[in-house]
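Just below is one structure, and these are the notes that go with it.
Side chains included, hydrogens not; waters and symmetry mates left out as well; all remaining heavy atoms used. Order of the sequence lines sets the chain letters (A, B, ...), proteins ahead of strands, with each chain counted from 1. These numbers come from a predicted model, not from an experiment.
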There are 2 protein chains.
Amino acid sequence: MSRRPQTDLAVLGALSVEPMTGYALRAAIVSTLGHFWSESFGQIYPALARLEADGLVAKDDGRFTITAAGRTRLRDLLRTPVERTPPRNGLLLRLFFGSTLGEEACLDLLRDAADEAQATLATLASIRTEVEAEPDHPDKRWFLVTIAAGEATARAQARWARESLESLSPGMA
Amino acid sequence: MSRRPQTDLAVLGALSVEPMTGYALRAAIVSTLGHFWSESFGQIYPALARLEADGLVAKDDGRFTITAAGRTRLRDLLRTPVERTPPRNGLLLRLFFGSTLGEEACLDLLRDAADEAQATLATLASIRTEVEAEPDHPDKRWFLVTIAAGEATARAQARWARESLESLSPGMA
DNA sequence: AGAAACATGTAAAATGTTACATGATTGT
DNA sequence: ACAATCATGTAACATTTTACATGTTTCT
């Protein structure tokens, strides 16, 4: 699946929760989907224009609203196979050439990675608290599943970075 | 950092290990860096042409060889800040709208994710065995660090998927 | 000889980010 | 009044993938 359908998926999905302006949509994507998805303004507005032309969303009182056809399309898009993004991990690319980069710089990279993972965990913990406090939103359990995914990855990253530091410079961590 | 420098980094890094043809370079990037990096042919050949024009690599007996200037450039590139790629996780994007997608489809997605993580773990285990069997390559410890990163992530993903399945449909996993 | 793999490259299409332009509304 | 935020959009640029074209070498 090319990228465009996935942008449509994110946009229609967000609008299926509630009608929004394009600006608010962008904010919702950053704040709510931000831990596993991103779209830039340059993508969102053209996408909205396209979806509107196709009758999948309609502008109602300044806000974009998903139509019945839009909900059908959303359901279809959700069933398309998950697209595998090619991996591109700049941290590992640098560590791989560690002997050229130099040991100290590598240790710095690992410390940064550990800090970053900790920060992510803190953010996710506060999001989790918020979501758990909510009354029974129909998607609450799914929200929690995606939060758990982020937590699992961040914990794994933090642990890997700490253990690597320890194995590379024992006692210096 | 824009993408181009990172492509240069991957290409120069690979050529710093040994001289190669463009074709072999692509194969090396797929097989050796494949778990955390990727480049397509359409990127590699233009990059090689550019690097050759800049005197960072030279074509020697049919194979591209890194020059002294190229090694200096590689060292510089390795010290550039790690670029954060915007997250784009199609699996989580679908699970987030789980109530629209439907429970059964979500469980299928989670089962696939668990299987995929297991397969990744198996691949990484065999790569690890190979690397560990090697005599003392100067970069061996760094290779193992990158392998450990992949294993940590895959284990976390497998566990998250299994636990999510269990919590969503207890006893049915 | 024929098939498969090696090797190099380009063109087109799709994708995506960034910066800019413009104006309305809201809070201090 | 002024600053900040809300709101919509576009144009330029950069990136990336995909498909195609072309020829060589190696293996069976």
Practice task
Look at the aromatic rings of F143(B) and F96(A) and report parallel, tilted or perpendicular, splitting at 30° and 60°.
Solution key: parallel

Exercise for the section: Please state how far atom CD in E39(B) lies from atom C1' in dT15(D), giving the value in whole angstrom units. Expected result: 11 Å

Short heteroatom pairs, N/O only, protein and nucleotides 6-12 of chain C, under 3.5 Å:
| unit_1 | atom_1 | unit_2 | atom_2 | d |
| --- | --- | --- | --- | --- |
| dC6(C) | OP2 | Y23(B) | OH | 3.2 |
| dT8(C) | OP2 | G22(B) | N | 2.7 |
| dT8(C) | OP2 | Y23(B) | N | 3.1 |
| dT8(C) | OP2 | Y45(B) | OH | 3.3 |

Fill in the blank from the handout: When rounded to whole Å, the CZ to P distance for the pair R88(A) and dT17(C) reads 13 Å

Handout entry: Face-on cation placement of R26(A) at F41(A) ring, 6.0 Å and 45° thresholds
Key = yes

Problem - Atom pair distance, as rounded to whole Å: CD in E83(B) and C1' in dT17(C) - result: 11 Å

Problem - Whole-Å gap separating P (dA11(D)) and CD (Q43(A)) - result: 16 Å

Problem - For S16(A) against I66(A), the heavy-atom pair lying closest together - result: CA-CG2, 4.0 Å

Practice task
May I have the distance from R26(B) (atom CZ) to dT17(D) (atom P), rounded to whole angstrom?
Solution key: 9 Å

Practice task
Give a yes or no answer on whether the side chain of T129(A) reaches the backbone of A125(A) with a donor-acceptor pair at less than 3.5 Å.
Solution key: yes

Exercise for the section: Using a strict 4.0 Å threshold on nitrogen-to-oxygen distance, state whether D108(A) and R111(A) make a salt bridge. Expected result: yes

Practice task
Could you tell me the separation between the CD1 atom of I44(A) and the P atom of dT17(C), rounded to a whole number of Å?
Solution key: 10 Å

Fill in the blank from the handout: For F97(B) and D139(A), the nearest pair of non-hydrogen atoms, with its separation, is C-OD1, 4.2 Å

